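These numbers come from a predicted model, not from an experiment. Counting convention: from 1, in listed order, for ligands and their atoms alike.
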Amino acid sequence: MPRTPRTTILHLVLTLCCILWGQNTPSLASTATAIDEFLGCLSADIPSGLIQTPATPSSYSALLLSTARNLRYILPDTSKPLGIIAATEHAHAQTTVRCGRRHGVRVRVRSGGHDYEGLSYASVHLHNHNEPFAVLDLAALRAIHVDPARAEAWAESGATVGELYYAVGAASRSLGFPAGSCPTMGVGGHLSGGGFGSLARKYGLCADNVLDAVVVDADGRLMNRSSMGEDHFWALRGGGGESFGVVLSWKVRLVPVPETVTVFSIVRSRNQSAIELITKWQEMAPASPQELYLRVLVLNQQANFQALFLGRCGGLYRLMQDHFPELGMTEQDCEEVSWVQSTVFFGFSTTSVPPEQLLNRSSNPSYYLKAKSDHVQEPIPRDVWEIIWTAWLEKPEAALLMLDPYGGVMSSIPPSETPFPHRQGNLYQLQYYSFWYENGTAAAEKRISWVRGLYKEMEPYVSSNPRAVYVNYRDLDLGTNELDGDVTSYEKARVSWGDKYFKGNFKRLAAVKTMVDPHDFFRNEQSIPPLPAAKMIDSI
Ligand SMILES: Cc1cc2nc3c(=O)[nH]c(=O)nc-3n(C[C@H](O)[C@H](O)[C@H](O)COP(=O)(O)OP(=O)(O)OC[C@H]3O[C@@H](n4cnc5c(N)ncnc54)[C@H](O)[C@@H]3O)c2cc1C
Ligand SMILES: *[C@@H]1O[C@H](CO)[C@@H](O)[C@H](O)[C@H]1NC(C)=O
Ligand SMILES: *[C@@H]1O[C@H](CO)[C@@H](O)[C@H](O)[C@H]1NC(C)=O
Ligand SMILES: *[C@@H]1O[C@H](CO)[C@@H](O)[C@H](O)[C@H]1NC(C)=O
Ligand SMILES: *[C@@H]1O[C@H](CO)[C@@H](O)[C@H](O)[C@H]1NC(C)=O
């Protein structure tokens, strides 16, 4: 068996990289001593029960897996954290950052663990070597305070989106919060990257509704909006997690919703005109009144049209008759519910589970995941959809397609208002979301190459220059960071993923990074790099 020699060579290469790295950058912990010093530094302020290391494999592994969503990044060969700190107080996050700086151990922050590429708990191929890192897990920092009279709330980063929905619903039947559909996502990562969901056409993203934040900066100091300044505060609201410090809590604006809203789920198969309906949907859904959100999920040769309408069934029925009679919606399709129950509908595809399910954090890794996504700016012709359904979607390894409409206020918010630049000019977001349960590399390769293949095929029909992508649908295929001296290369980041996620906002994000984390302490495979000195002068 060639197995033993191969493992040995691989091991050797990894060891070599670490040694080289240690020589280039003495500040980085490449030695057991530095790691011990880091752990010793933590233990001065943090109870030992909150720190897990591989020395206690079962409790370490239970904590590591507790919110790791993607099975692809908990395989035996994934590089794992040298320690996990389960913070229960804000000071624990400050200590972790300070000890990390002092002893050269990088810190990855984890709130809900839903990162598509596992960046909050795994290191995949950063700078072609394994950089030792610790995970700062915020899952226990999850307090939520809703102030219905002011229509505001504070939510700690470890709270889930479902917990926030539940708390808002419990405080008032006429307030809501615009966030995404999966209830177990963490508020920390979700708001950091934007946060898109069923109220986006009416009220924008989560990030458009953030009023303040408490952050641990790269020096371990606690900052809020007034002390950090508007540039730093701008970057936090959509610049993607990790790059600008540890967000401990967010103050958000709650938005008015009717006491009764309406949802429906209508499934049409291919022989029920699914392709014609999707073709028409592309123009109808982004142009419809802001009170309507109508998304489409395509799986198993069926298109599932799911709606939220901020009003009663009668109003929704009339609107559909006027704008989309072909769908054949009837009043029997309506379910009139509270807004919080509409979040249950999008989270669980049914309204018949109680809102308490929003509090269910059980999210042990459930499947292997690879996703890619696009922005569509011109309707895709019907014959192209025919080809997609026949040549791609009939294959057993086909992924779920998700079509999420833009328009409404998504088009009127200026693209530089927050780092999220995908505003006017986009009809909808198209996501290729592949998930599978089979263990082994053959299954993975088949699924992943399907996603990459369709993505390639779609190139002529989607946004270009750049081919724009939403940062919360993280995709390492776009490219990963490289070093330029001691810090992440600006140019490499810009051309590989920076322009695609952030378009014209990328340079400003890098300028903020230079101000708030010039040594590039908070970094990962796709963190925002500092601006090189020459470019800094340009931008003055
Ligand atoms: C099943 C599923 C459904 C989804 N549905 C939607 C959707 O409907 N709409 C949508 O917009 N997105 C959706 N997403 C994407 C989701 O918004 C992102 O994955 C988001 O980053 C998750 O946040 P998290 O805290 O759970 O992730 P984590 O994995 O904990 O963090 C994501 C990134 O942010 C960093 N980070 C985390 N917490 C902090 C913090 N407190 N301070 C600074 N940096 C931090 C991490 O280091 C990592 O880089 C979905 C993802 C999944 C897996
Ligand atoms: C922000 O922090 C400053 C002190 O740094 C404090 O005076 C102020 O009250 C804080 N603001 C909020 C909204 O917490
Ligand atoms: C449509 O196709 C499905 C199988 O995909 C079949 O079960 C159903 O009977 C067909 N319906 C009509 C109206 O032909
Ligand atoms: C929580 O959700 C999981 C699956 O996601 C389910 O198996 C479990 O029964 C749920 N727990 C409760 C108390 O409903
Ligand atoms: C996958 O299967 C291999 C052996 O076939 C096994 O060793 C491994 O533990 C399995 N992994 C998972 C995540 O089930």
### Which of the ligand 4 atoms, numbered from 1, are nearer than 4.0 Å to a heavy atom of Asn360
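Answer for ligand 4: 1 (C), 2 (O), 3 (C), 8 (C), 10 (C), 11 (N), 12 (C), 14 (O).
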Looking at ligand 1, is there an atom of it that comes within less than 4.0 Å of some heavy atom belonging to [X]?
{"X": "Gly194", "value": "no"}
{"X": "Glu242", "value": "yes"}
{"X": "Tyr473", "value": "yes"}
{"X": "Tyr470", "value": "yes"}

Which ligand 1 atoms are under 4.0 Å away from a heavy-atom of [X]?
{"X": "Val247", "value": "40 (C), 41 (N), 42 (N), 43 (C)"}
{"X": "Gly195", "value": "11 (O)"}
{"X": "Gly245", "value": "42 (N), 43 (C)"}
{"X": "Leu138", "value": "41 (N)"}
{"X": "Arg110", "value": "30 (O)"}

Within reach of ligand 1, part of [X] (heavy-atom separation under 4.0 Å):
{"X": "Tyr121", "result": "neither"}
{"X": "Ser157", "result": "side chain"}
{"X": "Phe420", "result": "neither"}

Got the closest protein heavy atom to [atom], with its distance?
{"atom": "atom 11 (N) of ligand 2", "result": "Asn224 ND2, 2.7 Å"}
{"atom": "atom 31 (O) of ligand 1", "result": "Ser120 CB, 3.9 Å"}
{"atom": "atom 46 (C) of ligand 1", "result": "Val109 O, 3.0 Å"}
{"atom": "atom 13 (C) of ligand 2", "result": "Asp212 OD2, 3.3 Å"}

Should one rank [options] by closest heavy-atom distance to [atom], which comes out on top?
{"atom": "atom 49 (O) of ligand 1", "options": "Leu136, Asn524, Leu141, Leu191", "answer": "Asn524"}
{"atom": "atom 50 (C) of ligand 1", "options": "Met185, Glu525, His114, His190", "answer": "Met185"}
{"atom": "atom 35 (C) of ligand 1", "options": "Gly241, Ala371, Cys182", "answer": "Gly241"}
{"atom": "atom 30 (O) of ligand 1", "options": "Gly189, Gly113, Ala159, Ala68", "answer": "Gly113"}
{"atom": "atom 1 (C) of ligand 1", "options": "Tyr433, Phe435, Trp250", "answer": "Tyr433"}

### Message
Among all the protein's heavy atoms, is there at least one whose distance to atom 9 (O) of ligand 2 comes out below 4.0 Å?
### Response
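There is no protein heavy atom less than 4.0 Å from atom 9 (O) of ligand 2.
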#### Entry: Ion pair Arg201/Glu291, N-O distance below 4.0 Å
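Looking at Arg201 and Glu291, the cut-off is not met.
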